[in-house]
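See structure below.
Sequence lines set the chain letters: A, B, ... in the order given, protein chains first and strands last, and positions in each chain run from 1. The figures here come from the full heavy-atom set of this structure, side chains too, leaving out hydrogens, waters and symmetry mates.
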Amino acid sequence: MNYRGLAKEIELKIHSDRPARKWPVEAFFKWGTFAFAFLIIVLLIWMIIAIAIQSQLSLEKFGFQFLTSTDWDPVKGLFGALPFIYGTIVSSIVAIAVAAPISIGVALFLTEMAPKWLRTPIGFLIELLAAIPSILFGLLGLFVFVPFVREWIQKPIGKILGWFPLFSGAPIGLGMLSAGLLLAIMIIPIITALARDIIGNVPNIQKEGALALGATRWEMIWKVVLPYARSGILGAVILGLGRALGETMAVTMVIGNRAEIKASLFAPSHSMAAVIANEFTEATGDLYLSSLIEVGLILFLVTFLLNALARFLIWSVAKGPKGGIRA
Amino acid sequence: MAKEMRTEKLQAWYGSLHILKGIDMVIEKNSITAIIGPSGCGKSTFVRCLNRMHEVVDGTKVEGKVWFEGQDVYDQQIDPVDIRRKIGMVFQKPNPFPTMSIYDNVAAGLKLNGIRNKKILNEAVERSLRMAALWDEVKDRLNYSGMSLSGGQQQRLCIARALAIQPEIILMDEPASALDPISTSHIEDLVVELKNEVTIVIVTHNMQQAARIADTTAFFLNGNLVEHDKTDKMFMSPCDKRTEDYLTGRFG
Ligand SMILES: Nc1ncnc2c1ncn2[C@@H]1O[C@H](COP(=O)(O)OP(=O)(O)OP(=O)(O)O)[C@@H](O)[C@H]1O
Ligand SMILES: [Mg+2]
């Protein structure tokens, strides 16, 4: 053996004092990354302030009432955002309620159940779905999906559960339910793709630990795989929620665009993003415009609040037993 | 001595890699069988075949028979889940469940089998932790995460977890390779004590350990069982030249 070997190079590079760097890389990275992070915060604050300034007129005129009023009457100059807030939140909740279980199921199928040769092509298709522009979903939604929902979902459910306020009223297709379901279809690919990666990263040794105790495959998934992956999966769901909250084009094409709050999911509704996109070009008068911009400000805050709430949820779920090292 | 288990022309593959090349071996009831051999010779693969854990990995294959309780473990009729409940396993690397508390880790196997009675669970958890020589260290923080323990404590937790469901056979794949000498000797004491009631197969790289505790020792080399005999006999006067070379460190 020749430990010192031929490599004088090693000797020189490692053991001799390093020459001073020409420019300080470490410091550059430290301050560079800090600057970028700081930039994001500045951008965020600047956006809030800019939007707030633009909506000053309506902020001053309606004050807090803007959040609680259901009147949206441009002719009379009355503006209240509650129907839009309600529509955005409820359609997103419907979307998450439908999309989350399906996505997690598909992700589990892809990682734990599907034969090897099937995993890559299906995974690829799902990623492709995630990349379809939302206007296409909107078009398909209007011409294919809405009639489908009307005939095959609203009519049967209405027949059986029509007495229940949530499913009452005429099955017209356009409305909250269609918007929620279409949103669900749109966010399933994202949640699935993320959840699949997260579940796929659960260490084999964990799964084998469960199997060696005599767990069935299902018990292994339920008791070990999902708990291990839970905070990551919740994160994936939240990302889907974010997309549902902000989605504009597809929602406006199927939600019915009526600024009303109805208990029934079958009734037409409206959303914050949709009303801005729809009425922006025809907003006559400064107050009208300002009100629309304030709706944008609220959308921003609602998204922010829901994300914060979801973070809190992740944090409280992921904490696990005392003394755990997982964040 | 009564036979607990017998393998017959047991072969195993990882993909196209032929790892076990026909193992015929008898494992006696209420005894400790040590498996020794150079790294990569197939010791882990062999014990994983005994409780049908080998097939859990994609692309693996097993041929041959493993007789246990009068049946072939690989028989079509047999559910591997039942086998794994009767043949427990401790892995080389500690793998406590990170989202469960210490208590729940130990109780996990019992709960899987539908035991809900708090009293039984409490008893089983304490007994298992005592046997694994961990009770005194954790009795005041049973609701802490299993991940809050040191590596060696985690391994003893995994041993307790395996003991809790009272398997007939316990397969241990280098259970002490991450343990300090004191914990190691605790584990060795445990194994010796357990053999009155349980059959133990233990993979080890520690010759002294094999000599101290094992009733019989099996020497594996390149996927073959070279020699399997009473431990004293193996270490004093092995029949095979290769065994002697390995034991005296004159190998390769
Ligand atoms: N998941 C796997 N995929 C492919 N080959 C594997 C896999 N696991 C093990 N092998 C191969 O199987 C052979 C036997 O491995 P095994 O783990 O049984 O060895 P071992 O005797 O337990 O070694 P060690 O003492 O290092 O634990 C090795 O050559 C290894 O390369
Ligand atoms: Mg091994």
Side-chain angles (χ1 to χ4, degrees), chain A residues 104 108-120 122-123 196 198-235 313-327, chain B residues 47-48 50-59 79-114 138 141-149 154 157-158 161-165 167 170-171 173:
Chain A
I104 294 167
L108 279 174
F109 174 75
L110 284 178
T111 46
E112 302 293 333
M113 254 94 81
K116 259 248 152 87
W117 57 268
L118 205 63
R119 292 178 193 187
T120 322
I122 293 190
R196 178 198 56 185
I198 288 156
I199 293 170
N201 275 331
V202 175
N204 271 329
I205 190 159
Q206 285 287 321
K207 303 191 215 165
E208 290 185 354
L211 292 176
L213 287 176
T216 60
R217 185 167 278 264
W218 170 247
E219 289 164 338
M220 169 192 90
I221 289 172
W222 198 242
K223 297 271 162 58
V224 172
V225 174
L226 285 180
Y228 193 95
R230 63 191 175 187
S231 57
I233 292 175
L234 259 173
L313 204 75
I314 291 190
W315 172 79
S316 58
V317 162
K319 238 181 356 171
K322 266 187 269 183
I325 54 165
R326 283 153 52 84
Chain B
V47 291
R48 287 169 63 89
L50 299 182
N51 68 341
R52 296 193 58 172
M53 285 298 288
H54 184 62
E55 68 201 46
V56 167
V57 179
D58 280 328
D79 183 354
V81 168
D82 294 333
I83 293 299
R84 294 182 200 130
R85 286 178 184 177
K86 288 180 190 159
I87 308 179
M89 183 160 218
V90 177
F91 296 82
Q92 186 166 354
K93 228 173 103 191
N95 58 346
F97 303 130
T99 55
M100 294 183 196
S101 65
I102 292 170
Y103 182 99
D104 286 336
N105 261 284
V106 182
L110 297 168
K111 288 185 179 169
L112 275 177
N113 287 288
V138 302
R141 47 166 173 160
L142 289 175
N143 59 341
Y144 275 53
S145 163
M147 298 305 281
S148 69
L149 300 174
Q154 287 181 21
L157 179 63
C158 293
R161 186 175 70 184
L163 292 175
I165 55 172
I170 299 183
L171 310 170
D173 192 353

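Minimum interatomic distance between A:V224 and B:F97 (heavy atoms only, all atoms of both residues): CG2-CE2, 3.7 Å.
Proximity to chain A (any heavy atom under 4.5 Å) is restricted, for B:F91, to the side chain, taken from C-beta onward. In this structure, the portions of B:L112 lying under 4.5 Å from any heavy atom of chain A include both its backbone and its side chain. The part of A:K116 that comes within reach of chain B is its side chain, from C-beta onward, which places non-hydrogen atoms under 4.5 angstrom from that chain. With a threshold of 4.5 angstrom between heavy atoms, B:P80 does not approach chain A through any atom at all.
Distance check: B:N95 CG to A:N204 CG gives 11.0 Å after rounding to the nearest 0.5 Å. Once rounded to the nearest 0.5 Å, the distance linking CG of B:N113 with CG of A:L213 reads 8.5 Å. Distance CD1/A:I205 to CD/B:Q92: 8.5 Å, rounded to 0.5 Å. Here NZ of B:K111 is found 9.0 Å from NZ of A:K223. Values are rounded to the nearest 0.5 Å.
Residue with the most contacts toward chain A among B:V57, B:D58, B:N51: B:D58 (heavy-atom pairs, distance under 4.5 Å). Per-residue counts of heavy-atom pairs under 4.5 Å with chain A were compared for B:D79, B:V81, B:V56; the largest is that of B:V81. With chain A as partner, the option from B:M89, B:K86, B:M53, B:R52 having the largest number of non-hydrogen pairs under 4.5 angstrom is B:M53.
Crowding of A:R217 atom CZ: a count of heavy atoms from other residues, nucleotides or ligands under 6.0 Å not exceeding 12.
Residues B:M100 and A:P227 fail the side-chain proximity criterion, which asks for heavy atoms closer than 4.5 Å.
With respect to B:R85 and A:E219, a salt bridge is recorded, a charged nitrogen being found less than 4.0 Å from a carboxylate O.
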